Amino acid sequence: MKIGIFDSGYGGLTILDKIRERLPEFDYIYLGDNARAPYGTRSFEVIYEYSLQAVRWLEQQGCRLIILACNTASAKALRTIQQRDIDPERLRVLGVIRPTVEAVPAIMQTGHVGILATPATVSSTSYVLELEKINAMRGDGKQLVVEQQACPMWVPLIESGEHMDRGADFFVDKYLSELYSKDPQIDTLVLGCTHYPLLIEKIQGWLTSYALNGGIHATPICQGGIVADSLSDYLRRHIDIEQALSRNGTCRFVTTESTTKFCDSASLFLSTAVEAEHIELPE
Ligand code: DGL
């Protein structure tokens, strides 16, 4: 049996990459619903419906464990899928928000946290609620200040391969300036969308010039390594699932878009050549 990794598009490749580095022995299926990306500007109903179609398809392909490597799907669809749509004896579906939030306390310095995410993730308030829960559990009375910023243009820039161009600078500056105008003290910046690590150079550049102009130097948090560590820990705690997984070190790439377009972009993101298959997700 395999591990399924699902995202609306290319963003989940940033998670897959780190998971395969950490757990290279297992067999993976990466599914990108590129034809219908972005999800982040869609309604709850549509995000849930598309995510469930992807989960069902990956289950049919022999996945025993599926990671929604998509914050938007994790925020809007994960809980309903876990509670209503799957039999946990046959399939487990995990998200990326909880492990990310668990990593924040060790990184934050003053309790000022910024969340960058899609409009859907921001409107779900999942990050804010999970961070408040974790902070209450820690019980050291440290004040937590969380501000969110929706970045609706970042995913389209990445999906269209425009994210390294100068035009992208405008939108990096726009959203980071808006976030820091809400709280200039943010020292921990969660990239709460799996696409955003592809903009890390531009984000780092903005943070450096903010610090050079007298602001705080914030630490950005990318999710890949965090999710990989959390999956490894999960498999240690769920030996039955770990033992059911096949170990040939393979990865099958599947997209709902054209395979040529997917392979060109995925190869860039993973810095290795990729072959992909086209599918249509049954409704
Ligand atoms: N990469 C996804 C996320 O982590 C979704 C981006 C989108 O489709 O809008 O939120």
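All residue numbers refer to positions in the sequence shown, counting from 1. All ligand and atom numbering here is 1-based and tracks the order in the structure. Source: prediction; values computed, not measured.
In this structure, the protein non-hydrogen atom closest to atom 10 (O) of ligand 1 is Thr72 OG1, 2.7 Å. Protein heavy atom at the shortest distance from atom 3 (C) of ligand 1 is Asn71 N, 3.2 Å. The protein non-hydrogen atom at the shortest distance from atom 1 (N) of ligand 1 is His195 ND1, 2.6 Å.
Heavy atoms of Val96 found under 4.0 angstrom from ligand 1: none, in either backbone or side chain. Counting heavy atoms closer than 4.0 Å to ligand 1, residue Val155 contributes side-chain atoms (C-beta onward) but none from N, CA, C or O.
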### Query
Run the side chain to side chain contact (heavy atoms under 4.5 Å, CB included) check on Arg90 and Glu59 step by step: do they pass?
CA-CA 9 Å; Arg90 293 177 43 210; Glu59 185 179 19; 3.7 Å; yes

### Task
Start with the C-alpha distance between Leu235 and Ile241, add both sets of side-chain angles, then the distance that settles side chain to side chain contact (heavy atoms under 4.5 Å, CB included), and finish with yes or no.
CA-CA 7 Å; Leu235 291 175; Ile241 297 177; 4.2 Å; yes

### Task
Check the pair Ile3, Ile5 against side chain to side chain contact (heavy atoms under 4.5 Å, CB included), reporting the backbone distance first and the verdict last.
CA-CA 7 Å; Ile3 300 176; Ile5 311 278; 4.1 Å; yes

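Atom numbering of ligand 1 starts at 1 in the shown order; those under 4.0 Å from a heavy atom of Ser8 are 5 (C), 6 (C), 7 (C), 8 (O). Close approach of ligand 1 to Thr118 (heavy-atom distance below 4.0 Å) involves ligand atoms 6 (C), 9 (O), 10 (O). Proximity to Gly40 (heavy-atom distance under 4.0 Å) selects the following atoms of ligand 1: 7 (C), 8 (O), 9 (O). Remark: ligand 1 atoms within the under-4.0 Å shell around heavy atoms of Pro38 are 7 (C), 8 (O), 9 (O).
Checked for salt-bridge contact, Arg236 and Glu242 miss the test: no charged N lies under 4.0 Å from a carboxylate O.
Distance alone, capped at 3.5 Å, places no donor-acceptor pair between the Ser246 side chain and the Lys2 backbone.
Within 6.0 Å of the NZ atom in Lys202, the count of heavy atoms belonging to other residues, nucleotides or ligands exceeds 12.
Geometric assessment of Arg36 against the ring of Tyr50 yields a positive cation-pi assignment under the 6.0 Å and 45° thresholds.
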